[in-house]
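Input: a single structure, listed below in structure tokens.
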Amino acid sequence: MCRRGGPIRRSRFREPVQPEFDHRINHRIRISPIRVIDENGEQLGVVETHVAQALATERGLDLVEVAPNVRPPVCRIMSYGQFRYEQQKRKKAQAKNAAPELKVVQVRPKTDRHDLETKLGHARNFLEKGHRVRLVMRMRGRENAYGDRWVEHLREIAESLKDVSDVIGAPSAEGRAIALTLQPAGAKSVKQA
């Protein structure tokens with residue numbers, strides 16, 4: 001804190017600026033010589049950087065460094081905009097096909113009815129999006145003595161979500177908590193980790 005009570009601002013501690021490109025392209029390629037691959041995938045051999053840049057410019061394409069860690073670095077003549085577009089499409093497809101996440105919804109034995117309905121609404125949304133949901137009932141103090149009551153309460157909660165979910169296994173005690181896992185209705189059974 002400085003004398004006036006505000007935070008100390010130091011410009012040298014700012015986070016580094018992210019580069020605008022993922023790959024070095026065209027004039028940003030400084031090393032020479034480089035191994036060049038043309039737009040058809042044929043190797044043109046090891047040439048000087050300025051010769052490869054002139055060749056790419058002549059063809060109306062970009063010179064992109066695709067393997068910077070090998071010597072000599074590998075560069076490819078291609079349309080960089082199209083390359084980035086295809087990479088983004090590939091990344092979106094991978095994210096779409098990725099395994100669903102396990103979402104955790106925590107409740108307590110004394111959670112009020114309205115708060116419980118809100119949490120169940122969140123759980124319902126997660127299940128509709130294809131995620132698995134783990135309901136966790138946290139207990140404190142004397143609540144631990146009535147574990148059977150809370151297991152039954154957890155089953156009632158799961159019952160209220162049975163139109164969009166299936167129960168995986170039985171409720172299990174985990175220290176001062178009881179947990180129950182739900183999966184979207186009709187999903188393939190997943191072994192619990």
Side-chain angles (χ1 to χ4, degrees), residues 6-106 119 121-136 161 163-169 179 181-193:
I8 299 172
R9 294 184 184 202
R10 295 184 180 148
S11 60
R12 69 177 189 222
F13 292 113
R14 288 186 188 153
E15 291 186 24
V17 177
Q18 291 295 324
E20 125 184 28
F21 300 109
D22 296 335
H23 300 88
R24 286 189 207 120
I25 63 170
N26 298 330
H27 66 280
R28 295 181 188 275
I29 302 170
R30 300 267 185 224
I31 196 162
S32 190
I34 57 174
R35 183 174 306 278
V36 180
I37 302 172
D38 71 356
E39 64 273 15
N40 300 324
E42 296 178 23
Q43 286 199 22
L44 302 179
V46 178
V47 298
E48 295 296 319
T49 305
H50 67 277
V51 173
Q53 287 174 347
L55 188 61
T57 306
E58 176 184 304
R59 295 180 183 185
L61 299 170
D62 299 307
L63 183 66
V64 181
E65 189 176 46
V66 290
N69 297 329
V70 295
R71 290 295 172 249
V74 179
C75 296
R76 189 173 193 147
I77 298 174
M78 68 172 98
S79 171
Y80 187 63
Q82 182 179 0
F83 174 69
R84 285 192 51 171
Y85 172 73
E86 289 171 359
Q87 274 189 328
Q88 288 173 351
K89 269 180 52 175
R90 209 173 301 129
K91 197 179 284 186
K92 281 184 183 179
Q94 286 175 350
K96 190 175 184 180
N97 295 333
E101 287 185 50
L102 176 65
K103 304 288 188 172
V104 178
V105 176
Q106 294 187 20
K119 289 184 183 236
H122 291 304
R124 183 176 298 277
N125 288 338
F126 293 145
L127 289 163
E128 288 171 352
K129 289 181 182 175
H131 300 290
R132 293 186 305 153
V133 174
R134 186 165 182 82
L135 296 172
V136 179
L161 293 171
D163 59 322
V164 292
S165 68
D166 297 325
V167 176
I168 302 176
T181 306
L182 305 173
Q183 69 181 4
K188 291 181 182 177
S189 183
V190 180
K191 288 186 178 179
Q192 197 170 354

For side-chain contact (heavy atoms from CB on, under 4.5 Å), just list the numbers for S165 and V133, CA-CA rounded to whole Å, side-chain angles, deciding distance to a tenth of an Å, and then say yes or no. CA-CA 9 Å; S165 68; V133 174; over 6 Å; no
With side-chain contact (heavy atoms from CB on, under 4.5 Å) as the test, would you mind laying out the steps for V105 and K103 before giving the verdict? CA-CA 7 Å; V105 176; K103 304 288 188 172; 5.6 Å; no
Using side-chain contact (heavy atoms from CB on, under 4.5 Å), reason through H23 and Y80 one step at a time and then give a plain yes or no. CA-CA 9 Å; H23 300 88; Y80 187 63; 3.8 Å; yes
Give the intermediate values and the outcome of side-chain contact (heavy atoms from CB on, under 4.5 Å) for residues V164 and L182. CA-CA 9 Å; V164 292; L182 305 173; over 6 Å; no
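A 4.5 Å side-chain heavy-atom check between V104 and Q106 finds at least one atom pair inside the cut-off. For the pair L102/T181, a side-chain contact is recorded, criterion being any heavy-atom separation below 4.5 Å from C-beta on. Taking the side chain as every heavy atom from C-beta outward, M78 and L61 never approach each other to under 4.5 Å.
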Going by atom type alone, with no hydrogens or angles, which donor-acceptor pairs under 3.5 Å involve a side-chain atom of residues 30-37 and a protein atom two or more places apart or on another chain?
{"unit_1": "S32", "atom_1": "OG", "unit_2": "E48", "atom_2": "OE1", "d": "2.6"}
{"unit_1": "S32", "atom_1": "OG", "unit_2": "T49", "atom_2": "N", "d": "3.2"}
{"unit_1": "S32", "atom_1": "OG", "unit_2": "T49", "atom_2": "OG1", "d": "3.4"}

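Here CG of D62 is found 11.0 Å from NE2 of H27. Values are rounded to the nearest 0.5 Å. The CG atom of L127 lies 11.0 Å from the CZ atom of R132; values are rounded to the nearest 0.5 Å. Between the CD atom in E39 and the CD1 atom in I77 there is a gap of 6.0 Å [rounded to 0.5 Å]. Here R76 contributes atom CZ and I25 contributes atom CD1; the two are 15.5 Å apart, rounded to the nearest 0.5 Å. The structure places CD of Q87 at 8.0 Å from CZ of R84, a figure rounded to the nearest 0.5 Å. In this structure, CG on N26 lies 6.5 Å from OG1 on T57, to the nearest 0.5 angstrom.
Within 6.0 Å of atom CD in E86, more than 12 heavy atoms from other residues, nucleotides or ligands are found, so the atom counts as buried in its surroundings.
Of all non-hydrogen atoms in R24 and R28, the two that sit nearest each other are CD-O, 3.5 Å. E65 and C75 get closest at one heavy-atom pair: CA-SG, 3.8 Å.
A donor-acceptor contact shorter than 3.5 Å is absent between the side chain of N40 and the backbone of E42.
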